[in-house]
There are 2 protein chains.
Amino acid sequence: MNFLITGAAGCIGSELAMSLLAQGHTVVGIDNFSSGKPEHIEAASRCKEFHFIEADILSPGTVESALGNKVEMVYHLAANADIKYQEGESTNRDLEQNVLATYRVLEAMRVRRVNKLAFASTSAVYGIAKRLPIPEDYPSPKPISLYGASKLACEAYISAFTHLFGMQSWIFRFANIVGPKVRAKGGTVIGDFVQRLKADPTRLKILGNGKQAKSYLLCEECVEGMLFGVDHATEELNILNLGASDSITVARIAQMVSVAMGLEGVRFEFGVTAGGWLGDVPQFMLDVSRINQLGWRARHSSEEAIAQAINAMLGRIEIGQILRVANA
Amino acid sequence: MNFLITGAAGCIGSELAMSLLAQGHTVVGIDNFSSGKPEHIEAASRCKEFHFIEADILSPGTVESALGNKVEMVYHLAANADIKYQEGESTNRDLEQNVLATYRVLEAMRVRRVNKLAFASTSAVYGIAKRLPIPEDYPSPKPISLYGASKLACEAYISAFTHLFGMQSWIFRFANIVGPKVRAKGGTVIGDFVQRLKADPTRLKILGNGKQAKSYLLCEECVEGMLFGVDHATEELNILNLGASDSITVARIAQMVSVAMGLEGVRFEFGVTAGGWLGDVPQFMLDVSRINQLGWRARHSSEEAIAQAINAMLGRIEIGQILRVANA
């Protein structure tokens, strides 16, 4: 089959490209390198079945022309993925890069009569849930971040386009995705902690009170889960949570990073707020029974995923040891 | 208090303006007359506490400058309200006039520190519900129209802005609104039937199989309900269904319109599809217990609201008679 991946040079997109190529498919990848990196697609670029387009999916005609190449299914992963909104920043980043960009993809698919779409959504659509774990049919999701709002808006449009124009869609609501390619700089809690501890190994400032607890998933398992979901979920519109079935606290991650860096006696400086930043959902844990029932589950717990990601980033201490020492 | 009403020359906006003025408030109204009409605001314009701005809320600075006038709360009603999407039409009408316009309103409110917002949403956000009546916390709404998708996207953004920037919001999910000012041309089932029967009084073509059953609400009661909801719902983010607690079929409305026009033996030509058009939700009935419990309920059933609206449009036969004859 012929696939288009938007955001192909991202952590997930590049991993997905390799998986599809390994299965013998043809892949067209688009990325504007706003957060994706050229080195992520080096491996894919060696395959003759991989075609890369450096472009912004918001520029008129880009997706439509990319679809021209007999594409049969789109994995739309391109997005602003920074969930944090900081005062003084523009409030329309997610609106443009997520909502408008997704509309452009949908509209191009409609025009080109491409009717299969997988979409990278997020657990942030739920906002602060009144009960955990959160199932896909959680009543009345109320996002509290611009990022979560934009992804829920995308989902709404995917739902309408799917119904109106005879598409079939898979919406994956991801846990926090971690892995070797996930940007070290900002964006992820592990990279953030590593940076701070490199700057000052005696203390670590933690955003929020450290009790924030979230579900994680390794990037490679995220790709596995998506491919499995697309193969096995057969509704017209499929919504699937994707993550480990447990959660892990920020304080625990701080401890694991310190151990992995070989640091002892780091002073953890906790904040006082429940959330780490404006729009942070302090506690979430996904109910992943829907994809479990289809026959897939994450192989690693949230803690194991974090340990893997730390190891991949630092490579200093083996995973078992990170877990053992941090548990001691 | 000082209010801003966007879409002030619409059916609901102009009715709301009169109510707020009658309560002694000051009202700034904006409308671009894309669907609103100058005659709707003639009465309000006679009050010196009413200030009207003819403008498109999408033009940069419009809302921000309107808020400058010490506005304390916004009723954001301006929208493309045509739910029908017809093949060949552009798919971005609701995205621009609803999603982007609502974002502009929210952003202007953030900048001007206006923190109370009431928003006209729609029962179309639910899509095809698996059970009726539909409560506000219906699991995982999946809109099937571009209109419904755009309004759910607006709701998502209102949810995020409310949380992030300390606002208080009221989202009203309307039933079908009917009343004297609701446009005769297109858009409403009554106006559509009247037009068709005027053109040919012997037969009436009905979109869909006629079994579509929906909840209705008179425009004036919609305004009452909103004002009541804003006064009595005290959460940070309040979502309230607004409509009669019953529904009425399209076939029944066709019968009532024929009776009101004094026509006998009209041949009703039903279609075969469950929905009347692409994206039509064939059956919906709102669970209005949330606003009922706050102390408000619609005074007219869906059938009575339709009879009132027919009477207001045609004025030929009194309401009781429409109901009696149509019941016979």
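Every chain is numbered from 1 and lettered A, B, ... according to where its sequence line falls, protein lines coming before strand lines.
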Using a cut-off of under 4.5 Å on heavy-atom pairs, state which of [options] scores highest against chain A.
options	answer
B:S140, B:P141, B:P135, B:G279	B:S140
B:Y147, B:Y138, B:Y103	B:Y103
B:H163, B:K142, B:R110	B:H163
B:V99, B:L152, B:D137, B:T91	B:T91

Report which part of [X] has an atom under 4.5 Å of a heavy atom belonging to chain B: side chain, backbone, both, or neither.
X	answer
A:Y85	side chain
A:I158	neither
A:E155	neither

So, for B:P143 and A:A156, which heavy atoms are closest and what is the spacing to 0.1 Å?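 Between these two residues, the closest heavy atoms are CG-O, 3.8 Å.
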Testing the 3.5 Å rule here: is there a donor-acceptor pair between the side chains of A:Y157 and B:D94?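 Side-chain D/A pair, A:Y157 to B:D94: absent.
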Just say parallel, tilted or perpendicular for the rings of A:F228 and A:H232, cut-offs at 30° and 60°.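 Parallel.
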Between A:A149, A:A153, A:G127, the one whose heavy-atom pairs under 4.5 Å with chain B are most numerous: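 Top option by heavy-atom pairs under 4.5 Å: A:A149.
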Chain B: which of A:N92, A:I239, A:T162 shares the most heavy-atom pairs with it under 4.5 Å?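 Ranked by contacts with chain B, first place is A:N92.
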Between A:D192 (side chain only) and A:T188 (backbone N and O only), is there a donor and an acceptor less than 3.5 Å apart?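 No; judged by distance alone, with no hydrogens or angles, the pair does not exist.
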Residue pair B:I171 / B:L240, side-chain heavy-atom distance below 4.5 Å: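 The answer is no, as the side chains (C-beta and beyond) never meet within the 4.5 Å cut-off.
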Report yes if some heavy atom in the side chain of A:L117 is under 4.5 Å from a heavy atom in the side chain of A:Y75; otherwise report no.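 Sidechains of A:Y75 and A:L117: no contact.
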Below 4.5 Å from any heavy atom of chain A, which atoms of B:I128 appear? Answer side chain, backbone, both or neither.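 For B:I128, the side chain is the part near chain A, not the backbone.
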What part of B:E136 lies closer than 4.5 angstrom to a heavy atom of chain A: side chain, backbone, both or neither?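 For B:E136, backbone heavy atoms alone lie under 4.5 Å from chain A.
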Electrostatic pair A:D287:A:R173 at N-O distance under 4.0 angstrom: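 Looking at A:D287 and A:R173, the cut-off is not met.
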Please determine if B:D56 and B:R104 form a salt bridge, counting it only when a charged side-chain N lies under 4.0 Å from a carboxylate O.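 A salt bridge is absent here (no side-chain N lies under 4.0 Å from a carboxylate O).
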